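Down below is the structure, laid out as structure tokens.
Everything numeric in this text was worked out from a predicted model, so none of it was measured. All ligand and atom numbering here is 1-based and tracks the order in the structure.
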Amino acid sequence: MSEKKLVFSGVQPTGNLHLGNYLGALKNFVSLQKNMDCIYCVVDLHAITTFQNPKELKNNILETTASFLATGLDPNKSIIFNQSSVSAHSELAWIFNCVSRVGWLNRMTQFKDKAGSDKEKASVGLYIYPNLMAADILLYKATHVPVGADQKQHLELSRDIAQKFNNDFNCKGFFPLPEPLILKNISRVMSLRDGTKKMSKSEESDYSRINLKDSADEIVKKIKKAKSDSESIPDNLKSLEKKPEALNLLNIYSEVSKINLEKALKEMAGKEYSFIKSKLADLLVSEISPVGKEINKLMNDKAYLLQILKKGTEKASIKAEENLKNVREKVGLI
Ligand code: AQP
């Protein structure tokens, strides 16, 4: 039996959406909405697994919505809403807390990274974050989830939860096993200061990332200051792979200029880093600056953004409530 394809993905409103979110997720979201039914969610309940200043959170929910629209998501094609406005996410997450296993969660590397050395002080929410993510996806019976490579392990857990629920409640095929849609070329954009770490909103140094709202001058300055070395750019992939910062710059260059990595390497081999940096800065200014300007423009009309979220919430709630009703029945809740 072929099931109807449905895309679901989310972005945390933790501020400063960056080039990694843009190339690893948002651009992919936009191309998927052309041919598939898509639901895109501002995952505010995920955001509060680490403390968020309430005033800033409110603003970030709207700014993430603005970023969705500014990169080309169309609210007439895709459902756009914020997670906390559909309470079925939390209810299904609780049911999944009872299906998911402690041993599974103990293997999640993102918890280990985010909790750091003092795990005892991390919130329980951060620990069970992957169960909520499974609820987000399976509440709509989504079949495809566009994410960066960093989310692959969480998605595998969603599949495990779906499978165990289907087995436990004797309802084979009730939940689909969602597939990750991970871009091949640029699944992970790395920090501009350390090519072994992913570009991230929560990294302290603003020089580690290009924010979607950065001005043209800031983009140029950050790319100029990006970590590199005094040697010339290698002429083969094997040597390039030993230089994570150079590999990251070439990966970004190849993605933004829409050529494959081999071709980008051929073009850049033997040149100084200043050469690729100057070309890359120009490309990024022309791709990212218009997005930043549009975000700022949309943020001047908060009533419009709230209206987009309200309409999205209405559409999402209809699907969510119907699926949750069936889940409750399977579990035996009255
Ligand atoms: N560096 C990255 N390269 C490629 N994809 C990335 N994504 C995030 N960083 C990169 C993808 O963007 C989507 C939304 O991510 P998120 O903001 O919900 O959560 P995150 O992965 O935790 O992002 P950050 O920037 O690292 O946020 P903080 O610092 O707040 O934890 C996801 O599909 C993600 O894969």
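- Ion pair D118/K121 flagged as a salt bridge, since at least one NZ, NE, NH1 or NH2 atom sits closer than 4.0 Å to an Asp/Glu carboxylate oxygen.
- Between R193 and E245 there is no salt bridge, since no side-chain N of the basic residue sits under 4.0 Å from a carboxylate O of the acidic one.
- Taking a heavy-atom cut-off of under 4.0 Å, ligand 1 is surrounded by G10, V11, Q12, T14, H18, G20, N21, G24, A25, K114, V147, G148, D150, Q151, S187, R188, V189, K198, M199, S200, K201, S202.
- Here CG of L324 is found 11.0 Å from CD of E322. Values are rounded to the nearest 0.5 Å.
- A donor-acceptor contact shorter than 3.5 Å is absent between the side chain of Y253 and the backbone of I276.
- Checked by atom type, the side-chain pair H46/D136 shows a donor-acceptor distance below 3.5 Å.
- By the ring pair (Phe, Tyr, Trp, His ring centres under 6.0 Å) test, Y140 pairs with F8, H89, sequence neighbours left out.
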